[in-house]
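Here is the naming used below: chain letters follow the sequence lines, and residue numbers restart at 1 for every chain.
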Protein chains: 2
Amino acid sequence: MHTKNINTHRIEIRDYFMAAISVDCVIFGFDENELKVLLIESDLKEYKGQPSLLGDIVHPDEDLETAAYRVLRERTGLEDVFMEQVQAFGGINRHPAGRVVTIAFYSLVNIQHAKLKTQDNELHWHAVKDITDMAFDHRNILDTCYQRLQAKVIDQPVGFNLLPRKFSLRDLQNLYEAILDVKLDRRNFRKKFFAMDYLVDLNEEEKDVRHRPARLYKFNHDKYNLQHKKSLGF
Amino acid sequence: MHTKNINTHRIEIRDYFMAAISVDCVIFGFDENELKVLLIESDLKEYKGQPSLLGDIVHPDEDLETAAYRVLRERTGLEDVFMEQVQAFGGINRHPAGRVVTIAFYSLVNIQHAKLKTQDNELHWHAVKDITDMAFDHRNILDTCYQRLQAKVIDQPVGFNLLPRKFSLRDLQNLYEAILDVKLDRRNFRKKFFAMDYLVDLNEEEKDVRHRPARLYKFNHDKYNLQHKKSLGF
DNA sequence: TCAAAAGTGTTCTTAGTACACCCATGT
DNA sequence: ACATGGGTGTACTAAGAACACTTTTGA
């Protein structure tokens, strides 16, 4: 019993059980006041036509994050976006082709900037609320990542990554309401965000709306990066 | 480019790059008013004599959590303890023997109950505050798990897992002060814990102390499991 | 002039923080 | 009797929640 341990003894890796390592990306977007996730149709006979996360095998020369960014880039053309590892999923039979341990990441992208590269398979944005079944254990992975996102936006203002550069406070509130699945009080919401210094008033307004136009803001990345990020607390 | 994708196409795993999968356990204990972690001495020439986390290769018939519980059991004899996956660490050169992706778990154990099974290597409890260098990337893993623990105890009353079945409020406060590395106000601390219903008064007192003996409590697991666990907020 | 959403302050309630004295025990 | 840490309550402060009317635009 553990006479040869990987942390304490010189062992030969090839003598041991090995598995394929993959990354799976939960790519969130925000459109039409709904939180969306980018999914592709699986061709595996076991999951024919069911939506699947975007993932791939990790290459020998890549660390996990690099592989996840590669998947994101290959599918959306996006490079510098918010991404965070969530956890590993390693159920014995989670993949029909054999033992595959996958590391789940979620990322937050501006859905307008994504240039979807559909190839063989259907690649689409799905409203998170409307997703029913998924291939593999991907439903479980999605749920876990979504919960992580909910905890994250309460704690730090990462939601901006899902919006266009210019946005109104209504946009921002709609975003939070969609992610957290709650209704928020408009005045208290505004108060909270103005109290932080993360919003920059662009002195611009919405155009072509048939009601009073809203002021537009952008996110102040500099202040965010400096400041030790305090909780928002919804 | 991704013409053969693991999520969308039937592939043969053996045609792809594979890696060893390991689990590493950050086993926390609490003793002498200090947060401790169980470490073993590494014999690898690269890290000779440096302390290492307890870990092992994942077996073909084990999922990740099962492997982590096995490591815990083999080293401490403990079975039913609090454990949580944190994240994967997959740096290309993190292990000198080759590509090893490790999944980090932390667990909270009653240090008195642990029956350490030292075999070839030195296995000891180290005060978290006093640890300097560690083998591999284990310092990074430990730091990440410790931060996760700090966030967790603020949010949910998991600290009980580190204490004996019977404990005083002073014990509990010492525990929180050690984990969070802060001083807490005694009256406010008591108020907070009595406001939750998680403490059961045992109507017993400390013995053989040369001051007024403290009342002893136990944790009410039933209430905790039922209730939707609200934040403690320190 | 109407419909639609933007913008704006105050009060109330709750949770958190700060703080000092008496009590029970062993020596 | 004294040294040590246990046990307790109140006042202040900050944050969050509830809530309604006026303004600006396009149709």
Examine A:Phe30 together with A:Phe167 and report whether their ring centres are nearer than 6.0 Å.
no
Is A:Glu177 salt-bridged to A:Lys183, cutoff N-O under 4.0 Å?
yes
According to salt bridge (charged side-chain N to carboxylate O under 4.0 Å, His left out), who are the partners of B:Glu65, at least two apart in sequence or on a separate chain?
none
Integer-rounded Å distance: C:dA6 C1' and A:Asp171 CG
12 Å
In this structure, how many angstroms lie between the P atom of D:dG6 and the CG atom of B:Leu216, rounded?
12 Å
Are B:Phe193 and B:Tyr198, when compared by the centres of their aromatic rings, separated by less than 6.0 Å?
no
Who are the side-chain contact (heavy atoms from CB on, under 4.5 Å) partners of B:Asp137, not counting sequence neighbours?
B:Phe89, B:Arg94, B:Ile141
Expressed as a whole number of angstroms, how long is the span from A:Glu204:CD to D:dT24:P?
19 Å
Taking N or O atoms only and anything under 3.5 Å, show me the protein contacts with nucleotides 10-12 of chain C, one pair per line.
{"residue": "C:dT10", "atom": "O4", "partner": "A:Lys191", "partner atom": "NZ", "Å": "3.1"}

Ring geometry between B:Phe28 and B:Tyr106 (parallel below 30°, tilted from 30 to 60°, perpendicular above 60°):
perpendicular
Please work out which of the three classes, parallel, tilted or perpendicular, describes the rings of B:Phe219 and B:His221, given edges at 30° and 60°.
perpendicular
List every contact pair, protein side and nucleotides 2-5 of chain C side both N or O, where the distance is under 3.5 Å.
none

Without decimals, in angstroms, what is the distance between B:Leu172 CG and D:dG6 C1'?
15 Å
Given A:Asn220 and A:Asp197, is the side chain to side chain donor-acceptor pair (under 3.5 Å) satisfied, shown in steps?
CA-CA 8 Å; A:Asn220 188 336; A:Asp197 274 333; over 6 Å; no
In whole angstroms, the gap separating C1' of C:dT25 from NZ of B:Lys207 amounts to 12 Å
Between A:Asp208 and A:Lys192, who's closer to the 5' end of DNA chain D by nearest nucleotide?
A:Lys192
Does D:dT8 have OP1 or OP2 under 4.0 Å away from a side-chain N or O of B:Arg190?
yes
I need the OH-C1' distance between A:Tyr217 and C:dA6, as an integer number of Å.
10 Å
Of all of residues 175-185 of chain B, which get a heavy atom below 4.0 angstrom from DNA chain D, listed by number?
none
Sorted by position of nearest nucleotide on DNA chain D, 5' first, the leading residue of A:Glu205 and A:Arg187 is A:Arg187
Just by distance, with hydrogens left out, do A:Tyr69 and A:Glu79 show a side-chain donor and acceptor under 3.5 Å apart?
no
Write down the distance between CZ (B:Arg186) and C1' (C:dA18), rounded to a whole number of angstrom.
14 Å
Is there a side chain to side chain donor-acceptor pair (under 3.5 Å) between A:Arg165 and A:Asn110? Walk through the geometry before answering.
CA-CA 9 Å; A:Arg165 203 181 69 86; A:Asn110 179 336; over 6 Å; no
Between B:Phe189 (CZ) and D:dG9 (C1'), how many Å, whole number?
18 Å
Residues forming a salt bridge (charged side-chain N to carboxylate O under 4.0 Å, His left out) with B:Arg139, sequence neighbours excluded
B:Asp143
